[in-house]
Protein chains: 2
Amino acid sequence: MSEPIPLDGCSVRLVDPERVASVRARLPDGDATERMARVFHVLGEPARVRIVTALLEAGELCVCDLAATVGMTEAQTSQHLRVLRAERTVRNRRDGRMVWYSLDDAHVRLLMDLALQHVTHEHGDGGSA
Amino acid sequence: MSEPIPLDGCSVRLVDPERVASVRARLPDGDATERMARVFHVLGEPARVRIVTALLEAGELCVCDLAATVGMTEAQTSQHLRVLRAERTVRNRRDGRMVWYSLDDAHVRLLMDLALQHVTHEHGDGGSA
DNA sequence: TGCACATCTGCGCAGAAATCAAGATGTCAC
DNA sequence: GTGACATCTTGATTTCTGCGCAGATGTGCA
């Protein structure tokens, strides 16, 4: 059988074409892939990791307290919250002139826990980063 | 680690200073935070998500097959693999003139699964209204 | 209505990272 | 050793994104 493998001509020599086709067929579709990347990308910033971790601990915080907790200006915090909100990572609740933020998704908690385990167990390279 | 509530004048008005201090004390230290962000950052790219997902399915693949699987040039794939390797996300094994890549960490598999659930269920954490 | 407060946004700048093209390195076969 | 092959690296260019500042928006109170 002739494998489709569209490939714009980058690599014509394959070691195991069948396997490539098989794996390729089992990959999540492009849309899911991009969304996954976006979720990770949003969390791929120390400032936002701190924000999310703070919300993880506090449950709910207003912007000014959140800014103080993570040690950033309020404008800065607000900007990051916007990014997090665009990705549905956090949700906001308005109460008067204050806005309270909390995590919007249960998966985020698991993601953070896993990442924390990953970096704390860290294969023994022990060094001051 | 960071100083306890620097308050360099950014936000002098706190709604709940005690809570801020409490949450702040329970946050992971700065080093862990930065590593977590780096892990997420590495995965925050569609191309790398595809690569990792492919390795997740295949177990082990050489660069050329991997490039074909994810639909990129080999040089491009190699570049991303370098980034992934720098973060200990993938490992490589040399066999002749070929180099075989596979995942280096068990947590990555869980991270990817969670992210996939997240984007497929579309933040469906169920329960809480 | 006017002011004070909490939060959000727009703009310019600087640093980081992705992309592309081309060549360098290392390995096998003869 | 020479050539073919698989992979890796380098450099220049472009794009993205976080930061800092100033101002805008929206809300509550007198």
Side-chain angles (χ1 to χ4, degrees), chain A residues 8-17 20 33-34 37-38 40-52 55 60-87 90-102, chain B residues 8-17 20 33-34 37-51 60-87 89-102:
Chain A
D8 16 340
C10 54
S11 64
V12 197
R13 48 201 159 47
L14 297 181
V15 174
D16 194 340
V20 168
T33 299
E34 287 209 11
R38 216 154 31 204
F40 287 129
H41 183 258
V42 160
L43 296 175
E45 194 79 9
R48 288 195 285 264
V49 168
R50 263 179 289 161
I51 289 177
V52 171
L55 291 178
E60 198 180 43
L61 280 175
C62 63
V63 178
C64 68
D65 280 8
L66 190 48
T69 303
V70 300
M72 304 192 301
T73 67
E74 297 172 7
Q76 216 170 339
T77 306
S78 186
Q79 294 242 31
H80 285 297
L81 283 171
R82 186 191 198 184
V83 176
L84 288 167
R85 210 174 50 187
E87 209 39 52
V90 302
R91 68 189 304 180
N92 60 345
R93 172 177 71 84
R94 175 149 233 150
D95 180 30
R97 38 189 145 172
M98 296 218 230
V99 179
W100 297 85
Y101 280 86
S102 56
Chain B
D8 32 338
C10 56
S11 63
V12 198
R13 46 200 159 53
L14 297 181
V15 174
D16 194 339
V20 168
T33 300
E34 286 208 11
R38 216 154 29 204
V39 170
F40 286 130
H41 182 258
V42 160
L43 296 175
E45 194 84 7
R48 290 196 284 264
V49 167
R50 263 180 288 161
I51 289 177
E60 199 180 41
L61 281 175
C62 64
V63 178
C64 69
D65 280 8
L66 189 48
T69 303
V70 301
M72 304 193 298
T73 69
E74 296 171 8
Q76 220 169 341
T77 306
S78 187
Q79 294 243 34
H80 284 298
L81 284 171
R82 186 189 201 184
V83 176
L84 288 167
R85 211 174 49 187
E87 210 38 52
T89 304
V90 303
R91 68 188 306 179
N92 61 345
R93 173 177 71 85
R94 173 148 235 149
D95 181 29
R97 40 189 145 171
M98 296 218 229
V99 179
W100 297 85
Y101 280 86
S102 57

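Here is the naming used below: chain letters follow the sequence lines, and residue numbers restart at 1 for every chain.
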Passes side-chain contact (heavy atoms from CB on, under 4.5 Å), B:Leu43 versus B:Arg48? Steps please.
CA-CA 6 Å; B:Leu43 296 175; B:Arg48 290 196 284 264; 5.7 Å; no
Audit row: A:Ser102, A:Val90, side-chain contact (heavy atoms from CB on, under 4.5 Å) steps and yes/no:
CA-CA 6 Å; A:Ser102 56; A:Val90 302; over 6 Å; no
What is the separation between atom [atom1] on [X] and atom [atom2] on [N], rounded to the nearest whole Å?
{"X": "A:Gln79", "N": "D:dA22", "atom1": "CD", "atom2": "P", "answer": "15 Å"}
{"X": "A:Leu84", "N": "C:dC8", "atom1": "CG", "atom2": "C1'", "answer": "15 Å"}
{"X": "A:Leu66", "N": "C:dT7", "atom1": "CG", "atom2": "C1'", "answer": "12 Å"}
{"X": "B:Asn92", "N": "C:dT27", "atom1": "CG", "atom2": "P", "answer": "13 Å"}
{"X": "B:Glu45", "N": "C:dA16", "atom1": "CD", "atom2": "C1'", "answer": "12 Å"}
{"X": "B:His41", "N": "C:dG15", "atom1": "NE2", "atom2": "P", "answer": "17 Å"}
{"X": "B:Gln76", "N": "C:dA17", "atom1": "CD", "atom2": "C1'", "answer": "14 Å"}
{"X": "B:Glu74", "N": "C:dA22", "atom1": "CD", "atom2": "P", "answer": "17 Å"}

OP1, OP2 of [N] versus side-chain N and O of [X]: anything below 4.0 Å?
{"X": "A:Tyr101", "N": "C:dC8", "value": "yes"}
{"X": "A:His80", "N": "D:dC19", "value": "yes"}
{"X": "B:Arg82", "N": "D:dC8", "value": "no"}

Nearest-0.5 Å distance, CG of residue B:Leu14 to SG of residue A:Cys62:
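Those atoms lie 8.0 Å apart.
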Between CD1 of A:Ile51 and OG1 of B:Thr33, what distance do you get to the nearest 0.5 Å?
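Going from the CD1 atom of A:Ile51 to the OG1 atom of B:Thr33 covers 11.5 Å.
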Mind checking B:Ala47 for me? I need base, sugar-phosphate or nothing, with any heavy atom below 4.0 Å counting as a touch.
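Nothing: the residue B:Ala47, judged by heavy atoms under 4.0 Å, touches no strand.
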Among the nucleotides C:dA6, D:dC8, C:dT9, which one has an atom lying closest to any side-chain atom of A:Ala75?
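Out of C:dA6, D:dC8, C:dT9, the nucleotide with an atom closest to A:Ala75's side chain is C:dT9.
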Looking only at side-chain atoms of B:Val99, point me to the closest of D:dT7, C:dT7, D:dT9.
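Of the options given, the side chain of B:Val99 lies nearest D:dT7.
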Let me know, please, whether B:Trp100 or A:Arg94 comes out on the 5' side of the other along DNA chain D by nearest nucleotide.
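Result of the comparison: B:Trp100.
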With nearest nucleotides of DNA chain C determined for B:Arg48 and A:Arg97 from heavy-atom distances, which residue corresponds to the more 5′ nucleotide?
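It is A:Arg97 whose nearest nucleotide is closer to the 5' end.
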Give me the ring orientation class for A:His41 and B:His41: parallel if the planes are under 30° apart, tilted from 30 to 60°, perpendicular past 60°.
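Plane angle between 30° and 60°, so tilted.
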